[in-house]
Asks: 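Pasting a structure here, questions to come.
Since we're looking at a predicted model, the values are computed, not measured. Within every chain, numbering begins at 1; the chains are lettered A, B, ... in the order of the sequence lines, protein sequences first and strands thereafter.
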Amino acid sequence: MTSKLIGLAEAAALVPDGATLSLGGFTAQRHPMAFVYELIRQKKRDLYLFGHSPGGDWDILIGAGCVKRVELAYEADEAFGTIGPRWRRAVQAGRIEWEDYSNFGMVTRFQAGAMGLPFLPTRTAFGSDVFAKQALTAEQRAADPRTSPLKQAVIESPFQAGDKLLLLPAIHTEFCVLHVQKATESGLVRVEGQTFADNIQALCADTVIVTAEEIVSEDFMRQEPERTLLPPFAVAHVVHVPFGSHPYAVYNYYDHDPRQLKDYHAAAMIDEDFQSYLEKYVYGVPDFESYLAVVGAARLDSLKADPEYGYSPNLKRRRLD
Amino acid sequence: MTSKLIGLAEAAALVPDGATLSLGGFTAQRHPMAFVYELIRQKKRDLYLFGHSPGGDWDILIGAGCVKRVELAYEADEAFGTIGPRWRRAVQAGRIEWEDYSNFGMVTRFQAGAMGLPFLPTRTAFGSDVFAKQALTAEQRAADPRTSPLKQAVIESPFQAGDKLLLLPAIHTEFCVLHVQKATESGLVRVEGQTFADNIQALCADTVIVTAEEIVSEDFMRQEPERTLLPPFAVAHVVHVPFGSHPYAVYNYYDHDPRQLKDYHAAAMIDEDFQSYLEKYVYGVPDFESYLAVVGAARLDSLKADPEYGYSPNLKRRRLD
Amino acid sequence: MTTVSNPALTYSLTELMAVTAAREIQDNEVVFAGTGLPMLGAMLAQKTHAPNCLVIFEAGAIGSRLRHLPMSVGDPRTVRGAALAAGLAEVFTYMLQAGKVDVGFISGAQIDRFGNINSTSMGDYHHPSVRFPGSGGSCDIACLAKRTVIIAQHEKRRLPEKIDYITSPGWLNGGESRKEAGLIRGGPSVVVTTRGVLRFRPTSHEAYLASYHPGLTAENVREETGFMLDTADASETPIPTAEELHILRNVVDPERIFLK
Amino acid sequence: MTTVSNPALTYSLTELMAVTAAREIQDNEVVFAGTGLPMLGAMLAQKTHAPNCLVIFEAGAIGSRLRHLPMSVGDPRTVRGAALAAGLAEVFTYMLQAGKVDVGFISGAQIDRFGNINSTSMGDYHHPSVRFPGSGGSCDIACLAKRTVIIAQHEKRRLPEKIDYITSPGWLNGGESRKEAGLIRGGPSVVVTTRGVLRFRPTSHEAYLASYHPGLTAENVREETGFMLDTADASETPIPTAEELHILRNVVDPERIFLK
């Protein structure tokens, strides 16, 4: 069995400037943050992101100037930060290209890609401006073959007159990066708790990179094949990164870091403070281990999940703003 | 919490003559056989079955005269019996109405129903007679609103000129009956090993009845919510039926019964022998417990799964024909 | 929040709104809940009059038995004791689109008199003065739940005659326009605001003031509304019971994460 | 099967076919295997020249490490030690339709010279003289795998000029007809029969005899074929090695479930 284990810097180096990319997780959970910091450290440019409900993973990439175009449904950390501050500023300043879909819309698009279909039908979005308006122009769409030529299409069901369906185009990305609880060296993956849309995001990517809290044995993983997320061929590379989603939560491993999230959102509101944040946590540290050292062992300890709950029941979570 | 537990006869009595129905399992595994025998014992007529790869569950129902129309992809027990003998005879004698799809086609149709869509696109079947020919006439389709008005439809993708997709109509059934490893009184279900298409079959039915090898506690089930098959509202009734899939296999519980399957297939080739089989195993016994007594405890014991394997590694399985 | 000796006698606006939202949930209903007030409301309902309501979170946890209040619909707290942990595709397709969700909660920055909601941006869509997170699942809940409960900040500029972008369709232009647009079910049933409760007329689907919160008058509320608001049928919003407040404060949100 | 003292010197037809089928699988390929000979072939390949081939079973087991030969593609034996246990929908959509399957095995009652297969019925489709199980996944494998390996009983009536029903499309009418019908990939690469091995010409996609089994001649095989069979390039089918036979008999099918 060939080992798919590689290092974090090596994994991030696989992603060229301008690549299409989706990242796993949902708002404030299980984003591959160690990988994101490494992308920033390696000064990636012109990334083209596809996502449903990203959070600070996208926000910090956008703020660091790594992103050119996004297709998305939502960009915030929910109660930890009700707007992605750098996303907001990038849109308002005209520094980013984007297209809006609904969350179900983006999920449908990933699902179509995973299923090997050019589109899937849905019943959502009719009557909305998500349906009626387009952020990307026809010229922008035509100029990049990786953007669907149409935002969407409408058909009448051939099985019932008058029954309208919205067809949404499949997503295909060059890369997908997930952060998961458990993986084997061979690339088998187990997600605990909700899967979000990680499985379908992975299945519509050419190259899937997984960062994992824990590397487990092949025998352990194969004892419960019902819990494996993806077929063996889906994952190209595995990186072992404990705490790899900090400051976000990983069910059964650690909780959200409310303090770090507050600091991020405060900093990201002000250009200079955001640069200082990047300096302190990304550019100023050579790697993710050093990042964790800056955060501090005591803080990380306080986030560790109680096995009874899968999170830290005594964590001080009250909104610190 | 309301208990959804009911008895087997009571559960089967819920299905009226003429009902649309799908049964869980795949060829020679995890069919709800105890429930099937009870349907025959209660002399159901004119059932309308939807399935992908049924086996003896359908074959015995067809042979017992319970079935009027079927939509399917396959009807056999694979190496245990490479054709459903009563299915073959019913078609050849013009005693049953049917429509052929491919397995992926039927799965796509269940998936569409589960997703709340009137159809889903696929890339299969083009060029085949599964695509080109129709067993049901336009009149037969029009006469029963439960049959799709069209077998299928073809569209060109609005996203790429010349890209053809096959649209297959959703399935909706009045009943779906599954046999599973574990269920709670409240109707939560866990399937071990492959799910086949049980989840999507259940999600396109009005009323789902689950027969289970084992009734487990709510706390047990909720400790691994990743392994629950269906949302809580999906299951209407739960019946506790150990060995409820005999002579078929249930992963982690018991293996195929090669002797019983040989006896069935031998009997089902000859009208009189089939009637004797029905008499011995269905009409002649008042309930499933009595059926199991006729099969015999020693035989059942020999089928029990070795926990290390999930099946019975020393079972004599060589084709007995 | 003011601390008082008899908690039944006083309550915060957040508490009033949470209780009002909770009362919109019936027992045995399937509830699609978002972060914040909807979670307070759903958890309160589950622990009072609707013990068998089934709470679904967009990120994949279904039938959650919440022990601690989540801060995200993807929070690990939604998983513990859940009936099922799946993903967004399962929740959106098998539950929401398939018509299994009775009531969904949504909110936004702007709401018009037909319950259309904007959570995308202010000003010109292509060059917005303020950009928000975007739809998330709100558009989908608005389109596909059997009915929606809207939570809103009641200010004149947030309830204008015309909103800048329809993220989540309500009754669109009223009348049959929602159905004509291609939506097969649903529509807003109520708007719980910081000043009162709005409901919708059966045929025109126009919002009217059903109740104003204690301490306000119908006139107060109308003045703070950017569209013409019919107040003919308005009465005072029923206040929380002592039991509701007790559960809200001691069981639902003892950490005071969302309660003020 | 005849028992012999030196097993490398003699072998049954089933063994020859299983070995011939196994050799069609390359290392690291994704293999969609059906019950019977394909399972023998896939398991043998995995234990000889293709240790990293990934075996997928239609009913939901993926990356199986078979310890005991299954009798169904849904057999519990396909689950033990599997990389992933899912369902038909996942296998058909995420793997087969998405183009991840390199080679699929199919068979049937009739095969024509373009590798089209009938496993539905003989005679008039609406009033058949013999009804078979139906497509199962065969039509889908034939449509969506990158290539297919066909297993066939070689009799004149089973390899006719025209088959009664195309369950699983091969090269249809040859030439570009498969592509024109709307199929985006795939097509049969080989037919392993009880008398020889057929392959397909690159452009016309017509079958020709690539090899005849030991003991037969090209002429023997042509006589038992219902369509015109080009035998110009035929040689003898390579025989099993001692190692292949040893593994087949002692590791793959020691119970003699499919081996004869």
Side-chain angles (χ1 to χ4, degrees), chain A residues 1-4 108-121 170-173 176 180 182-191 195 197-208 210 216-236 238, chain D residues 26-33 46 50-67 70 74-104 140-141 143-146 182-186:
Chain A
M1 171 106 37
T2 319
S3 172
K4 295 178 176 175
T108 297
R109 299 185 61 201
F110 282 118
Q111 181 94 50
M115 291 172 78
L117 291 170
F119 61 81
L120 274 176
I171 290 170
H172 173 84
T173 63
C176 170
V180 305
K182 293 177 169 72
T184 64
E185 277 196 44
S186 71
L188 298 182
V189 165
R190 181 180 299 178
V191 160
T195 52
D198 283 13
N199 55 336
I200 51 179
Q201 288 180 230
L203 289 165
C204 45
D206 292 331
T207 303
V208 177
V210 161
V216 298
S217 74
E218 198 71 20
D219 283 348
F220 174 88
M221 190 68 82
R222 287 174 184 257
Q223 258 160 34
E224 269 187 283
E226 300 93 338
R227 299 202 52 186
T228 306
L229 188 73
L230 294 165
F233 51 75
V235 176
V238 177
Chain D
Q26 311 297 316
D27 200 15
N28 293 306
E29 284 196 318
V30 177
V31 182
F32 202 110
Q46 212 173 32
N52 302 307
C53 77
L54 183 84
V55 180
I56 290 181
F57 293 105
E58 180 177 317
I62 293 137
S64 299
R65 292 174 161 181
L66 297 177
R67 175 79 180 270
D75 196 313
R77 285 159 186 78
T78 64
V79 178
R80 182 183 174 278
L84 168 57
L88 282 80
E90 289 79 9
V91 167
F92 281 126
T93 58
Y94 298 153
M95 291 165 224
L96 192 60
Q97 185 165 263
K100 308 294 171 64
V101 174
D102 294 300
V103 53
D140 311 305
I141 297 167
C143 290
L144 296 165
K146 289 185 194 164
L183 295 171
I184 57 164
R185 71 173 82 88

Asks: So, taking the atom named CE in A:M115 and the one named CD in D:E90, what distance separates them when rounded to the nearest 0.5 Å?
Replies: 9.5 Å

Asks: Using the test side-chain hydrogen bond (donor to acceptor under 3.5 Å, both in side chains), find all partners of A:Q201 that sit at least two apart in sequence or belong to another chain.
Replies: A:S22, A:H52

Asks: I need the D:N52 CG to A:F233 CZ distance, nearest 0.5 Å.
Replies: 14.5 Å

Asks: Side chain, backbone, both or neither: which part of A:L230 has a heavy atom under 4.5 Å from chain D?
Replies: backbone

Asks: Applying ring-ring contact (aromatic ring centres under 6.0 Å, His included), name anything that partners D:F92, two or more places apart in sequence or on another chain.
Replies: B:F104

Asks: Rounded to the nearest 0.5 Å, what separation is found between the CZ atom of A:R222 and the CG atom of D:L84?
Replies: 10.0 Å

Asks: Heavy atoms only: give me the nearest A:T228-D:A83 pair and the separation to one decimal.
Replies: OG1-O, 2.6 Å

Asks: Just so I understand: if I count every heavy-atom pair under 4.5 Å between each of D:A98, D:A82, D:G60 and chain A, which residue has the most?
Replies: D:A82

Asks: Minimum heavy-atom separation for D:K100 to A:L203, with atom names?
Replies: NZ-O, 3.8 Å

Asks: So D:R80 and A:Q223, side-chain contact (heavy atoms from CB on, under 4.5 Å) or not? Walk me through it.
Replies: CA-CA 7 Å; D:R80 182 183 174 278; A:Q223 258 160 34; over 6 Å; no

Asks: Report yes if the side chains of D:Y94 and A:I200 come closer than 4.5 Å at any heavy-atom pair, otherwise no.
Replies: yes

Asks: Just verifying a value: how many Å separate D:T93 OG1 and A:L117 CG, rounded to the nearest 0.5 Å?
Replies: 8.0 Å

